[in-house]
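Take a look at the structure below.
Positions are given from 1, in the same order as the sequence printed here.
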Amino acid sequence: MANYLPRTLEKIFLKANNQFKALMISGMRQVGKTTLLTHLKQANREFVSLDDLMELEDARHQPTIFFKNHPMPLYL
């Protein structure tokens, strides 16, 4: 695996990390969203990808169950 290249967004993301219970990154394909979240992953935050269609379905139609299964703090 290649070495991690720091993202410009990291400082902003880490500041928001201290202010919000849930953070979501969205954007075009293949730009490093998952790589960034995996690199910055903290022990107290779960990372859930909405690329998993079952997770996406739960988040859309059963948010209470989704957040029960994935308690905050959370990376989406």
Side-chain angles (χ1 to χ4, degrees):
M1 183 175 209
N3 290 334
Y4 176 77
L5 298 174
R7 276 36 179 202
T8 305
L9 186 62
E10 280 182 37
K11 289 180 184 176
I12 296 166
F13 189 82
L14 289 172
K15 184 177 179 183
N17 187 52
N18 295 324
Q19 296 176 349
F20 300 99
K21 291 182 181 180
L23 295 173
M24 179 175 169
I25 290 186
S26 64
M28 296 177 61
R29 293 175 44 87
Q30 304 278 317
V31 295
K33 299 176 299 290
T34 300
T35 301
L36 172 67
L37 291 177
T38 302
H39 178 75
L40 297 178
K41 185 176 179 181
Q42 296 182 359
N44 67 336
R45 278 194 191 248
E46 180 182 2
F47 168 58
V48 179
S49 174
L50 297 180
D51 287 339
D52 179 325
L53 296 180
M54 291 186 74
E55 296 289 4
L56 179 60
E57 192 70 18
D58 282 350
R60 281 186 175 161
H61 301 290
Q62 301 180 66
T64 303
I65 292 172
F66 177 82
F67 286 111
K68 186 175 182 178
N69 291 335
H70 306 290
M72 296 200 204
L74 182 65
Y75 289 146
L76 296 173

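For Q30, the CD atom counts as loosely surrounded, since its 6.0 Å shell holds 12 or fewer non-hydrogen atoms of other residues, nucleotides or ligands.
To the nearest 0.5 Å, atoms CG (D51) and OG1 (T34) are separated by 6.0 Å. Here E46 contributes atom CD and N69 contributes atom CG; the two are 9.0 Å apart, rounded to the nearest 0.5 Å. One finds the NZ atom of K15 at 10.0 Å from the CZ atom of F20 (value rounded to the nearest 0.5 Å). Rounding to the nearest 0.5 angstrom, the gap separating the CG atom in D52 from the CD atom in E57 is 11.0 Å. Here the straight-line distance linking atom CZ of R60 with atom CG of L50 works out to 8.5 Å at 0.5 Å rounding. Here the straight-line distance linking atom CG of D58 with atom CG of L56 works out to 9.0 Å at 0.5 Å rounding.
The residue from L37, V48, L23, I25 that alone fulfils the side-chain contact (heavy atoms from CB on, under 4.5 Å) condition with L76 is V48.
Between Y4 and L36 the shortest side-chain heavy-atom distance falls below 4.5 Å. The shortest side-chain heavy-atom distance between F67 and L74 falls under the 4.5 Å cut-off.
Note on ring orientation: taking the six-membered ring where Trp is involved, the planes of Y75 and F13 are tilted (angle from 30° to 60°).
Through direct or indirect side-chain contacts shorter than 4.5 Å among Ile, Leu, Val, Met, Phe, Trp and Tyr, M28 is connected to V31.
A donor and an acceptor atom, one from each side chain of E55 and H70, are located under 3.5 Å apart.
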